[in-house]
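Working notes for the structure below.
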There are 4 protein chains.
Amino acid sequence: MTPEPKAAPARRSERARSAILTATAELVFEVPYGRLTIEAIAARAGVGKQTIYRWWPTKGAVLFDALLELSGGPDGVALPETGDLRADLALFLRATVAEMTEPRFDAFLRAVMIEIQSDPDLAEIYRDRLLAPQREAIRERLRVAALSGAIRADADLEVAVDLLVGPVQTRWALGLGGLTEAYVDSLLDLVLAAVRPS
Amino acid sequence: MTPEPKAAPARRSERARSAILTATAELVFEVPYGRLTIEAIAARAGVGKQTIYRWWPTKGAVLFDALLELSGGPDGVALPETGDLRADLALFLRATVAEMTEPRFDAFLRAVMIEIQSDPDLAEIYRDRLLAPQREAIRERLRVAALSGAIRADADLEVAVDLLVGPVQTRWALGLGGLTEAYVDSLLDLVLAAVRPS
Amino acid sequence: MTPEPKAAPARRSERARSAILTATAELVFEVPYGRLTIEAIAARAGVGKQTIYRWWPTKGAVLFDALLELSGGPDGVALPETGDLRADLALFLRATVAEMTEPRFDAFLRAVMIEIQSDPDLAEIYRDRLLAPQREAIRERLRVAALSGAIRADADLEVAVDLLVGPVQTRWALGLGGLTEAYVDSLLDLVLAAVRPS
Amino acid sequence: MTPEPKAAPARRSERARSAILTATAELVFEVPYGRLTIEAIAARAGVGKQTIYRWWPTKGAVLFDALLELSGGPDGVALPETGDLRADLALFLRATVAEMTEPRFDAFLRAVMIEIQSDPDLAEIYRDRLLAPQREAIRERLRVAALSGAIRADADLEVAVDLLVGPVQTRWALGLGGLTEAYVDSLLDLVLAAVRPS
DNA sequence: TATTAAACGAGACGGTACGTCGGGTCTTCGG
DNA sequence: CCGAAGACCCGACGTACCGTCTCGTTTAATA
């Protein structure tokens with residue numbers, strides 16, 4: 001059932017794999033990403049450099065695997081569905097803001113941003129594996145709300161998702177600050193006004 | 001009257017300065033930013049490496065000066081004021097989208113994004129020198145509209161700015177695509193609905 | 001029994017080592033020693049700079065290893081012992097003069113002289129590894145001659161060695177010229193007169 | 001009558017000239033000659049680099065002028081003529097040894113040696129300006145001794161000079177040590193024995 | 001005494017080489 | 001036979017000096 005047992009991982013050391021991802025996660029927080037070297041990861045993980053190059057093509061790939069390892073269980077920030085649209089969205093956005101505010105996660109995400117800007121392939125992976133599911137969940141939530149009449153039926157939901165996510169992401173990415181719970185409330189006021197029925 | 005403008009750059013070669021910024025702008029487009037080296041800039045500019053290190057502390061600083069040089073005259077994308085709010089905003093957003101779509105500018109902006117994620121000092125410069133004026137112009141335009149009754153008087157204009165700028169910036173930064181004129185229209189539909197009077 | 005022969009050079013590439021020493025020997029002859037760069041040696045040897053710095057602390061150390069490599073087999077100029085003191089010394093001095101006159105060796109020795117003047121540690125190595133054995137051989141030859149009555153028994157042999165070697169070395173070092181076989185004869189006339197019995 | 005008023009030294013600053021030579025003399029003692037830079041000389045002398053390059057072609061030329069300045073008045077070590085040959089030579093050799101032993105002079109002379117090995121032109125200047133007069137003085141002294149019957153009439157005086165000077169110079173240059181007054185005595189014993197009449 | 005041309009201090013400039021860091025590959029050895 | 005260890009070739013780093021080249025600013029011989 002495993003979809004891709006390809007390239008038969010032969011005998012891959014699980015110990016080495018997780019040591020490498022753990023070391024990466026630690027180092028991303030400790031040193032500026034531009035100074036993060038494969039040698040440092042190997043040294044921290046107690047692993048030969050070759051063991052890294054054998055399994056990952058680039059530093060960015062290691063970073064992404066480390067990220068997937070972290071966001072593995074609970075797929076990032078989950079979106080609840082209590083029936084109260086505003087409450088659900090508020091919960092989600094507050095959790096997002098909390099992540100972006102937490103120093104370790106902030107460092108990690110900025111490293112990911114750097115790789116996304118540098119490498120379109122990694123950008124695609126990020127979109128497909130992490131972004132798309134999240135956006136789809138929000139869109140689905142809005143769709144339900146539209147059916148129940150909580151929001152306008154003809155609203156462009158894709159753009160509505162952008163309206164919810166874009167402002168927060170942009171403020172974080174450009175370091176504009178102001179990412180508080182109050183901000184989330186103000187944002188929701190406007191976005192919900194935009195999609196309010198008739 | 002100032003007795004010592006001492007820190008005055010002494011005798012700085014304008015020829016070298018502009019050759020360096022030009023070479024940087026060219027190379028940012030030609031090679032991935034991670035592979036862009038100071039040596040390459042120096043070689044392309046026909047300049048000694050030391051001449052770069054003498055006047056800029058980091059590669060990012062050179063990049064930013066090159067950016068400021070480009071966006072020098074017309075401060076980036078200007079915001080017209082015709083009295084028709086939607087038309088003004090549409091013009092502005094379309095120009096922004098056009099920039100982000102143009103390969104040279106796209107490459108340049110991604111390089112800037114990398115530096116912003118890496119260096120808070122550069123992020124601050126970017127915010128203060130380029131972002132802040134633009135956002136202020138938009139906010140001012142909205143303020144005028146609020147006074148004339150075109151939009152709700154009690155709307156939170158700071159968040160309204162985010163609503164306009166965030167979605168576009170986020171789609172570009174994360175490579176989500178779909179940055180078309182149609183998208184701008186859909187976006188404006190929702191945003192103007194959000195701030196529509198009573 | 002030694003638990004850690006650790007400082008053992010690990011796995012050192014013999015290919016690189018000899019390529020470096022050969023390149024050095026060639027370049028010492030081709031360019032003035034002051035212009036001889038480590039980068040040129042590395043390039044000529046087809047080797048990374050780091051490989052040189054890994055095994056030698058300074059350019060002078062490489063030069064000395066190259067010299068030892070050359071003077072390896074026949075320990076420099078050998079001193080024969082035929083029973084005829086004057087003939088033996090004449091052979092030795094002529095060989096010395098021949099070396100000093102040969103352009104490649106001249107260039108090499110002048111480079112060594114420069115390093116000796118610059119670095120007392122290298123001077124010590126030179127004395128111990130190359131000079132001392134040679135001087136000891138001469139002194140031993142003179143000792144035998146003293147025992148056989150060919151020269152005065154109470155002559156200060158250390159100084160006698162200086163008398164043989166110093167004039168030639170000085171004329172060469174200061175570029176005074178006149179280093180011919182005739183000069184060797186004149187020199188031997190005087191030196192042997194100095195140590196002639198009774 | 002001045003054969004070359006050419007290049008008319010125009011107005012040369014004596015202050016600068018002597019400051020440069022003094023700074024050079026100081027620095028030769030303070031830093032290894034290989035690390036002695038023109039920039040350091042200029043800085044120490046409170047002079048622009050160009051002022052050095054205007055009047056001297058190379059660092060070695062400055063060094064030599066500094067040396068000539070020092071050995072200016074008393075042309076190096078003078079050779080007395082008291083009628084007692086051994087006493088005269090002993091005085092001269094002891095003075096030479098004293099110079100070579102004095103740390104400042106030692107450093108200076110080693111710098112000169114480096115330049116002589118590096119640059120045949122400077123070697124020639126050194127021979128002509130400093131070495132030749134000294135050797136001629138010794139040879140003249142020996143010639144007088146030969147006439148007076150103190151030494152053999154048919155001795156090769158050029159080689160005799162080498163016998164006196166070479167051993168001391170060589171021991172110093174190669175760092176063999178043992179440059180004491182006792183050594184001078186032993187040396188004179190042998191050399192005078194070599195040229196003793198019949 | 002005022003003019004003027006050079007030499008001067010300062011230091012930026014285009015370069016070369018330095019000695020170091022890290023990338024990505026290859027080789028050796030131990031488990 | 002994988003993995004740790006680390007040497008290897010290579011390219012770039014940021015620094016130190018090179019020798020040249022402006023810049024004003026003395027400075028001393030003329031005009």
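Protein chains get the first letters and strands the later ones, always in sequence-line order, with residue 1 at the start of each. Heavy atoms only: backbone and side chains are in, while hydrogens, waters and symmetry mates are out.
- Rounding to whole angstrom units, CZ of residue B:R12 and C1' of F:dT22 are separated by 17 Å.
- For the pair B:R54 CZ and F:dC21 C1', the interatomic distance rounds to 13 Å; values are reported in whole Å.
- Within 6.0 Å of the CZ atom in B:R129, the count of heavy atoms belonging to other residues, nucleotides or ligands does not exceed 12.
- With rounding to whole Å, A:Y53 atom OH is found 14 Å from F:dC9 atom C1'.
- B:R15 comes within 4.0 angstrom of the backbone, heavy atoms only, and of no base.
- Cation-pi geometry between C:R17 and C:W55 is not satisfied (NZ or CZ under 6.0 Å from the ring centre, within 45° of the ring normal).
- Side-chain N/O atoms of C:T51 include one lying less than 4.0 angstrom from OP1 or OP2 on F:dC9.
- Cation-pi geometry between C:K59 and C:Y33 is satisfied (NZ or CZ under 6.0 Å from the ring centre, within 45° of the ring normal).
- Looking only at distances, a side-chain donor or acceptor of A:Q117 sits under 3.5 Å from a matching main-chain atom of B:A173.
- Using a 4.0 Å cutoff on non-hydrogen atoms, the parts of residues 28-38 of chain D near DNA chain F are D:T37, D:I38, ordered by number.
- For C:K59 and E:dC18, the NZ to P distance is 7 Å, given to the nearest whole Å.
- When the side-chain nitrogen and oxygen atoms of D:W55 are compared with OP1 and OP2 of E:dC8, one or more of them lie within a distance under 4.0 Å.
- Summarising the geometry, the separation between CD1 on B:I20 and P on E:dA12 is reported as 14 Å, rounded to the nearest angstrom.
- Taking atom CD1 on B:I52 and atom C1' on E:dA12, their separation rounds to 14 Å, with Å as the unit.
- Within a 6.0 Å radius of CZ in B:R104, other residues, nucleotides and ligands contribute 12 heavy atoms or fewer.
- Residues C:M113 and D:I114 fail the side-chain proximity criterion, which asks for heavy atoms closer than 4.5 Å.
- Using a cut-off of 4.0 Å between Lys/Arg side-chain N and Asp/Glu carboxylate O, D:E39 and D:R44 are scored as not salt-bridged.
- F:dC9 atom P lies 15 Å from atom CZ of C:R11, rounded to whole Å.
- Residues C:Q50 and C:E39 each lie close to DNA chain E; by heavy-atom proximity, the contact nearer the 5' end of the strand is made by C:E39.
- Between the C1' atom of E:dC13 and the CD atom of B:E14 lies a distance of 15 Å, rounded to the nearest Å.
- Under 3.5 Å, the side chain of B:K49 and the base of E:dG15 form no donor-acceptor pair of N or O atoms.
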